[in-house]
There are 2 protein chains.
Amino acid sequence: MPVSAASLARFAGLLADRSRASMCLALLDGRAWTAGELARHAGVARSTASEHLTVLVGAGVLTERRQGRARYVELAGPEVAAALEDLGALAGERERPTSLRTVRADARLAEARTCYDHLAGRLGVAVLGSLAARGLLDTTAGLAVTPAGRRWFAEVCGPAPSGSRPPVRACLDWTERRPHLGGALGAALLRTALEERWVMPVPGLPRALAVTPEGALALTGPAAVAG
Amino acid sequence: MPVSAASLARFAGLLADRSRASMCLALLDGRAWTAGELARHAGVARSTASEHLTVLVGAGVLTERRQGRARYVELAGPEVAAALEDLGALAGERERPTSLRTVRADARLAEARTCYDHLAGRLGVAVLGSLAARGLLDTTAGLAVTPAGRRWFAEVCGPAPSGSRPPVRACLDWTERRPHLGGALGAALLRTALEERWVMPVPGLPRALAVTPEGALALTGPAAVAG
DNA sequence: GCCGGTGTTCGGCGGGGACCGAACCGTCGG
DNA sequence: CCGACGGTTCGGTCCCCGCCGAACACCGGC
């Protein structure tokens, strides 16, 4: 017995609005946003945004956290982020960069950025390739961790996270159109990379990352530094 | 540069209508339907269905084939089917069976059925488990084919299909709530199973399959026949 | 050529929902 | 206590779009 058409339609309807879609895409950076920020981002009145957020939270797409007078919302979980990414990949059409300012920002984001809670951009794709070349991941069919890879992740990121989230996930990169490493281990790797200063957030450019020399060595190996 | 909110919203809007969702879900059986059949299935006038189909074909979700006076439509490809399945899994809510007739049909479908172009139901889940137990698939992290598995698939299904479609894909089963085997090899396995008479279509119940004794042996091994 | 069946086009109706502004409520800070 | 600020509620407007029926176009068969 499949999903009912009604519930599928209702669910798709959540994203079938420009403002709500805009908010969800913004939240793909993995951070919590306030209602006002999202209103400004989507270009609608605060009242309108408030109603949209109530809908999305009610449907379980977002979770909220009240803090003083602020209402913070974020994506309800990695599954939601994954669904958004996949749907976005299928939707296909891209925004066209317009000003020089945005072109520069886009270039930084294309180089290295976060994708929800893992690495993306040229760096993210290179990391996946490097891990595969080093025999730590198996990409011959689907994506899986090799025994050597399990040891490596345990050594670098600490004990493997448990839970229902798949350890590795091939996440289609929006700029590279090739997969990068998502899943629980992808998230753990980003956490380690930030702690170890392999990558640093770029001030004023929320999702962008700057790669340090040590980071290039640790993440992609001695040879594969340049994109 | 992410997908634009507008294009994501537009795409989601395609499924955000009860009638269109109903048609797409019907088409998940992998067959081509005529416009009239889909109109009846969705419970709308032929004229309405015609408009919906024009929209879906125009957006690339469906492809059409004119044949005489009939207009056949089907899903544009496995990616679309996969996206529908994932979205449906996330949407969650299920239809409630209503009459005895449908309960019986549901029971057959829960036992063994096709899911677009591969095996599903208790059988599908059992096949995945059996292949993993025999060391032909690796499920410890994600889903991947082992070297032994590659040899087995080549022997049983012929040369491995090439192309961009991922060889194996964990497809969440609607009735079992556990993954079964999708992807190119999943499709090849169903093709073989039909050719070898391991499973037979059930007359009058489109997606249902009956498992033959040889099929149970070949697909799930000597021990794991009963559900 | 006529007829039945299938699909499409068009006009018109109706409902849902996205949006805003104004008023209001809470919280924080002086 | 008051003002500033973030968020919410409510009425009201507007428009989009899903739906139908009627008329029409097309194909196939007798």
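What you see below is based on every heavy atom in this structure, not just the backbone, and it leaves out hydrogens, waters and symmetry mates. Chain naming here is simple, since letters A, B, ... match the order of the sequence lines and numbering starts at 1 in each. Since this is a predicted model, take the numbers as computed values, not measurements.
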Which atom of A:Val211 lies closest to which atom of A:Gly215, heavy atoms considered: CG1-C, 4.2 Å
Sugar-phosphate, base or nothing in reach of A:Thr34, heavy atoms under 4.0 Å: sugar-phosphate
Interatomic distance, B:Arg10 CZ vs D:dC16 P [rounded to whole Å]: 15 Å
Sugar-phosphate only, base, or nothing, as touched by A:Arg46 at under 4.0 Å among non-hydrogen atoms: base
Along DNA chain C, first and last positions that approach a heavy atom of chain B under 4.0 Å: C:dG4 to C:dC10
Distance, nearest 0.5 Å, that separates CD of B:Glu85 from CG of B:Leu25: 10.0 Å
Contact under 4.0 Å: B:His52 side-chain N or O vs D:dC17 OP1/OP2: no
Distance, rounded to the nearest Å, where A:Arg66 contributes CZ and D:dG7 contributes C1': 8 Å
Aromatic ring pairing A:His41/A:Trp33, orientation class (parallel under 30°, perpendicular over 60°, tilted between): perpendicular
From B:Val199, B:Leu190, B:Leu28, B:Leu119, residue fulfilling side-chain contact (heavy atoms from CB on, under 4.5 Å) relative to B:Thr114: B:Leu190
Of residues 12-20 of chain A, the positions that come close to DNA chain C - non-hydrogen atoms, cut-off under 4.0 Å: A:Asp17, A:Ser19, A:Arg20
Modelled atom types, side-chain donor and acceptor of B:Ser7 and B:Ser4, under 3.5 Å: yes
Non-hydrogen atoms of B:Gly121 and B:Arg113 that approach each other most closely: CA-NH1, 3.4 Å
Heavy-atom pair of closest approach, residues B:Leu38 and B:Ala26: CD2-CB, 4.1 Å
Whole angstrom value for the distance that separates P of D:dG7 from CD of A:Glu64: 11 Å
Gap between atoms CG and P, on B:Leu38 and D:dC19 respectively (whole Å): 14 Å
Toward the 5' end of DNA chain C, by each residue's nearest nucleotide, B:Arg40 or B:Glu51: B:Arg40
Expected output: side-chain A:Arg65 to main-chain A:Tyr72 donor-acceptor under 3.5 Å: no
Sidechain-backbone polar pair: A:Arg20 side chain, A:Leu14 backbone, donor-acceptor under 3.5 Å: yes
B:Thr48 vs D:dG18: side-chain N/O to OP1/OP2 distance below 4.0 Å: no
B:Arg71 CZ to D:dC27 P, straight-line distance once rounded to whole Å: 15 Å
